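These numbers were taken from a predicted model, which means no experiment stands behind them.
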Amino acid sequence: MNPIALSFADGTVFFVGLVLVLACELMMMRFRKRIAQTVLSLIVFLGIFFVALSATPLPGWMYLVWGLSVSIGFVLFRRDSASKRKKTFAVAAILLTTLSLCAVEVPYHIPPELSLPEKTTIYVIGDSISAGVGLNQQCWPTVLNETSPYHVVNLAQAGATVNNAIDQAKQITVSNSLVIVEFGGNDMLGGTDASLFRSRLETLLSALRKDNHQVLILELPLFPFQNSYGGAQRSLAWKYQSALLPKRYFTRVLGMHKGTIDGLHLSQEGHGEMAGIIAAVIKQK
């Protein structure tokens with residue numbers, strides 16, 4: 001997959017955009033020549049563009065407050081008539097709102113740690129990313145089963161959506177298990193309404209938690225303006241005390257050399273890498 005597209009999908013561009021906007025707006029206070037102001041203004045707009053297209057699922061009100069502070073600062077820094085006090089206030093506002101966005105987003109890039117007893121059964125429910133598409137492939141749940149001290153049962157099915165996840169979950173027979181939820185790609189590509197996706201995901205997580213399962217959700221790499229899908233995963237993970245594997249790990253597999261067979265579905269190397277990522281998250285009690 002294209003490295004530029006991956007940088008949008010894994011959230012890297014979000015931080016790049018914030019840095020560009022912050023740095024260039026501050027530089028506009030010092031460099032007053034018309035050419036410099038024009039160049040810096042263009043970079044500011046580029047940074048805003050990066051932030052918007054990164055589809056980072058933060059609350060809308062946070063984006064609104066940040067956007068207002070950036071807009072006010074942009075106007076003030078271009079005006080020689082603006083007072084030093086107003087400009088100082090604008091700098092403080094931009095710094096505060098930018099740091100707030102970073103502070104809220106950074107924890108979602110840190111992998112969770114799950115402690116499991118040695119004999120815990122792990123169930124994987126998901127789509128072709130977990131089920132595979134090659135007849136001779138060892139999918140990552142199979143690799144994990146062979147390389148970890150846990151019994152891993154793969155219930156994933158190619159082409160499945162979050163609606164199918166509930167049927168897959170009904171096949172779980174051992175309580176107090178770890179259930180890895182890898183869904184959403186087909187919903188996003190197939191145009192499932194984000195509110196319906198959220199409703200179905202909540203039904204799934206509610207049922208799993210009632211059966212005392214630990215849950216690990218693989219966060220979706222998102223297309224531009226698909227924030228709602230990621231927002232549903234994050235808010236429901238918090239509501240149902242489920243762990244969330246940051247999307248940058250899934251994206252890393254998609255971007256590795258020979259990690260996929262078609263830019264999306266994992267190759268054998270990709271399945272091995274994914275199994276290693278999941279194994280690193282699980283700590284044996």
Side-chain angles (χ1 to χ4, degrees), residues 55-61 104-105 107-117 119-131 140-141 144 150-222 226-247 249-250 274 277-278 281-283 285:
T56 301
L58 295 177
W61 66 267
V104 173
E105 179 61 18
Y108 288 106
H109 291 254
I110 301 173
E113 289 189 4
L114 302 175
S115 297
L116 300 179
K119 295 183 179 181
T120 301
T121 299
I122 298 175
Y123 289 93
V124 179
I125 60 177
D127 52 32
S128 56
I129 297 299
S130 300
W140 69 262
L144 184 64
Y150 306 104
H151 177 49
V152 182
V153 179
N154 189 9
L155 300 175
Q157 297 173 319
T161 66
V162 73
N163 194 43
N164 305 120
I166 298 170
D167 293 329
Q168 291 181 22
K170 291 178 181 178
Q171 300 177 53
I172 297 175
T173 58
V174 180
S175 59
N176 299 299
S177 301
L178 170 64
V179 181
I180 300 177
V181 177
E182 179 275 304
F183 274 106
N186 289 323
D187 293 276
M188 189 163 54
L189 291 170
T192 300
D193 185 78
S195 61
L196 182 59
F197 172 79
R198 178 188 177 91
S199 175
R200 290 171 175 171
L201 181 60
E202 181 160 23
T203 299
L204 171 67
L205 296 180
S206 177
L208 293 175
R209 293 298 292 164
K210 284 180 181 178
D211 289 335
N212 296 317
H213 297 302
Q214 288 194 65
V215 178
L216 173 63
I217 303 171
L218 272 59
E219 189 176 24
L220 277 171
L222 299 172
Q226 299 294 337
N227 308 49
S228 298
Y229 291 93
Q233 286 185 312
R234 289 183 176 186
S235 62
L236 292 175
W238 180 84
K239 181 177 180 179
Y240 291 98
Q241 299 179 316
S242 302
L244 193 66
L245 182 69
K247 58 185 177 181
Y249 289 94
F250 187 6
M274 181 65 79
I277 290 171
I278 300 299
V281 169
I282 302 171
K283 309 297 181 183
K285 282 185 178 180

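Contact record, Ser130 with Glu182: OG-OE1, 2.8 Å, taken as the closest heavy-atom pair. Minimum heavy-atom separation, Leu205 to Ser242: CD2-OG, 4.3 Å. Contact between Gly159 and Asn186 at its shortest, heavy atoms only, is C-ND2, 3.3 Å. Listed here is the closest heavy atom pair of Asp211 and Ser175: O-CB, 3.9 Å. When every heavy atom of His213 is checked against every heavy atom of Val174, the shortest pair comes out as CE1-O, 3.0 Å. Between Thr120 and Ser177, the shortest heavy-atom contact is CG2-CA, 4.2 Å.
For the atom pair CG (Leu196) and CG (Asp187), the distance works out to 8.0 Å, reported to the nearest 0.5 Å. Separating the CG atom in Leu155 from the CD1 atom in Ile180 is a distance of 11.0 Å, to the nearest 0.5 Å. Here the CG-OG distance, from Asp193 to Ser228, works out to 8.5 Å after rounding to the nearest 0.5 Å. A distance of 5.0 Å separates CD in Glu105 from OG1 in Thr56, rounded to the nearest 0.5 Å. The line from OH of Tyr229 to CE of Met188 is 7.5 Å long, rounded to the nearest 0.5 Å. For the atom pair Gln157 CD and Gln168 CD, the distance stands at 5.0 Å (nearest 0.5 Å).
For Glu219 (side chain) and Pro246 (main-chain N/O), no donor-acceptor pair under 3.5 Å exists by modelled atom type. Without hydrogens or angle criteria, Arg200 side chain to Asn163 main chain gives no donor-acceptor distance under 3.5 Å. Judged by distance alone, the side chain of Asn164 and the main-chain N or O of Thr161 form a donor-acceptor pair under 3.5 Å. Between the side chain of Gln233 and the backbone N or O of Ile217 there is no donor-acceptor pair closer than 3.5 Å.
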**OP:** Run the numbers on Leu245 and Val281 for side-chain contact (heavy atoms from CB on, under 4.5 Å), then give the verdict.
**Re:** CA-CA 9 Å; Leu245 182 69; Val281 169; 3.8 Å; yes
**OP:** For Leu58 and Arg234, run side-chain contact (heavy atoms from CB on, under 4.5 Å): C-alpha distance rounded to whole Å, both residues' side-chain angles, the deciding distance at 0.1 Å, then the answer.
**Re:** CA-CA 9 Å; Leu58 295 177; Arg234 289 183 176 186; 4.2 Å; yes
Original post:
What's the verdict on side-chain contact (heavy atoms from CB on, under 4.5 Å) for Ile278 and Leu218, showing C-alpha distance, side-chain angles and the deciding distance?
Top reply: CA-CA 10 Å; Ile278 300 299; Leu218 272 59; 4.3 Å; yes
Original post:
Between Thr203 and Ile166, does a side-chain contact (heavy atoms from CB on, under 4.5 Å) hold up when you go through it step by step?
Top reply: CA-CA 8 Å; Thr203 299; Ile166 298 170; 3.9 Å; yes
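Contact of the Val124 side chain with the Val153 side chain is not registered, since no non-hydrogen atoms from C-beta on lie closer than 4.5 Å. A 4.5 Å side-chain heavy-atom check between Tyr150 and Leu116 finds at least one atom pair inside the cut-off. For the pair Val179 and Ile125, the minimum side-chain heavy-atom distance is below 4.5 Å. By the 4.5 Å heavy-atom criterion applied to side chains, Glu202 and Lys239 are counted as neighbours. Residues Thr192 and Val162 fail the side-chain proximity criterion, which asks for heavy atoms closer than 4.5 Å. Contact of the Leu244 side chain with the Tyr108 side chain is registered, since non-hydrogen atoms from C-beta on lie closer than 4.5 Å. In this structure, Gln214 and Leu178 have side chains that are in contact, with non-hydrogen atoms separated by less than 4.5 Å.
Between Tyr123 and Gln171, the side chains place no donor N or O within less than 3.5 Å of an acceptor N or O (distance only, hydrogens not considered). Between the side chains of Ser235 and Arg198, at least one donor N or O lies within less than 3.5 Å of an accepting N or O.
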